[in-house]
Amino acid sequence: MLKVNGVDVSYGDTQVLFDVSLDIQTGELVAVIGANGAGKTTLLRTISGLLKPKVGSISFQDDTISSRPPHHIVGDGIIQVPEGRLLFPNMSVLENLRLGAYLVKDKALIDERLHSVYSLFPILEERAGQMAGTLSGGEQQMVAIGRGLMAGPKLLMMDEPSLGLSPKLVQQVFKLVSRINEEMGVTVLLVEQNVRHSCEICSRAFVLENGRVVLHGPGREMLENDHVRRAYLGL
Ligand code: ATP
């Protein structure tokens with residue numbers, strides 16, 4: 001479904017991604033794991049079209065997208081849930097969710113998507129009229145993910161959804177990411193620093209270090225890998 005072919009990405013003269021390649025098949029949940037500053041967000045911003053690769057290309061459903069503007073890429077169905085959630089704090093939960101479907105004209109389709117977001121996150125239906133800025137961190141993350149789902153993604157890219165959440169909520173978020181993939185059939189690219197949880201739920205993981213993919217393979221195998229165990233799991 002998505003193929004990233006040997007991309008180099010720079011901010012001005014500073015190169016951040018080096019010859020990065022990865023692929024995602026339809027229906028998969030793939031994780032990109034790595035420490036702070038490894039280049040994970042830069043990779044997502046490049047797939048979204050906000051940054052252009054200097055070298056290499058990206059294709060989605062067999063079309064090259066790396067030269068297309070971001071709004072076309074959103075229109076193709078690649079939706080990013082940004083790090084830090086980026087909600088509109090003074091708008092209600094419902095208004096924030098509806099913004100995710102701003103490209104959709106069909107009212108019945110919007111209602112249908114809202115219904116499926118509410119069945120995934122029942123608390124959001126209870127809080128529909130509440131200002132998003134007054135929700136807990138975990139609830140705000142649900143709104144951010146729900147807003148992404150309202151766009152009807154073919155590929156949902158999530159940037160560190162567990163960041164800043166308590167250990168209990170972290171577990172819940174990973175369960176939800178897994179349900180979005182398994183029950184809703186959405187293809188997911190998950191970017192995370194939480195290596196253990198990501199590798200437990202993903203089909204395959206790519207390890208990004210200093211802008212390079214140094215290792216990839218099935219999530220469960222990554223958890224047994226000596227380098228991953230030493231560098232990321234403290235074992
Ligand atoms: P984090 O988990 O901290 O978000 P990350 O793996 O997502 O890390 P990136 O945000 O992609 O990493 O950053 C990769 C590198 O690019 C870092 O060294 C960072 O300082 C640098 N960088 C990020 N954004 C910019 C920018 N706008 N201009 C210059 N350098 C940047």
Side-chain angles (χ1 to χ4, degrees), residues 2-24 29-58 65-66 69-71 73-74 78-87 137-138 140-141 144-145 147-148 153 155-167 169-171 173-174 176-177 188-202 204-217 219 222-223 225 227-234:
L2 180 87
K3 278 205 174 87
V4 177
N5 304 306
V7 301
D8 287 358
V9 179
S10 304
Y11 294 104
D13 290 338
T14 312
Q15 188 169 346
V16 171
L17 296 183
F18 301 83
D19 194 23
V20 169
S21 293
L22 60 86
D23 64 290
I24 305 174
L29 194 174
V30 167
V32 172
I33 53 184
N36 264 331
K40 304 180 300 298
T41 300
T42 302
L43 174 62
L44 292 192
R45 290 170 62 82
T46 307
I47 298 171
S48 292
L50 296 164
L51 295 168
K52 299 295 169 201
K54 289 211 159 145
V55 175
S57 65
I58 300 173
I65 57 166
S66 29
H71 62 281
I73 295 175
V74 169
I78 300 184
I79 306 299
Q80 186 171 343
V81 179
E83 183 180 337
R85 319 196 251 277
L86 306 186
L87 300 179
Q140 291 193 24
Q141 187 59 60
I145 296 172
R147 181 182 56 189
L155 172 65
L156 188 67
M157 304 197 295
M158 294 193 227
D159 195 352
E160 304 208 31
S162 78
L163 197 72
L165 300 181
S166 69
L169 282 176
V170 165
Q171 286 217 333
V173 162
F174 279 100
L176 285 166
V177 173
V188 175
L189 174 57
L190 172 68
V191 155
E192 262 294 339
Q193 288 190 44
N194 190 320
V195 171
R196 182 182 300 281
H197 281 106
S198 304
C199 286
E200 281 170 353
I201 64 165
C202 72
R204 290 180 302 134
F206 290 76
V207 181
L208 195 63
E209 286 180 4
N210 300 315
R212 289 184 166 84
V213 173
V214 294
L215 208 60
H216 64 94
M222 291 291 109
L223 288 174
N225 178 279
H227 174 70
V228 172
R229 287 166 68 85
R230 264 196 315 273
Y232 298 98
L233 303 174

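If you're wondering where the values come from, they're calculated on a predicted model, not measured in any experiment. Values below: all heavy atoms of this structure, side chains included; hydrogens, waters and symmetry mates excluded. Counting starts at 1 for both ligands and their atoms, following the listed order.
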Asker: Mind checking whether N36 and Q193 have side chains closer than 4.5 Å, heavy atoms only?
Answerer: yes
Asker: Salt bridge (Lys or Arg N to Asp or Glu O under 4.0 Å) with R45: which residues, sequence neighbours excluded?
Answerer: none
Asker: Do Q141 and V81 have side-chain heavy atoms sitting under 4.5 Å apart?
Answerer: yes
Asker: Non-hydrogen atoms closer than 4.0 Å to ligand 1: which protein residues do they belong to? List them by chain and number, please.
Answerer: Y11, V16, A35, N36, G37, A38, G39, K40, T41, T42, E83, E160, Q193
Asker: With sequence neighbours excluded, tell me which residues meet side chain to side chain donor-acceptor pair (under 3.5 Å) with H216.
Answerer: none
Asker: Any heavy-atom pair between the side chains of L2 and V30 that's under 4.5 Å?
Answerer: no
Asker: According to side-chain contact (heavy atoms from CB on, under 4.5 Å), who are the partners of S66, at least two apart in sequence or on a separate chain?
Answerer: P53, S57, I58, T64
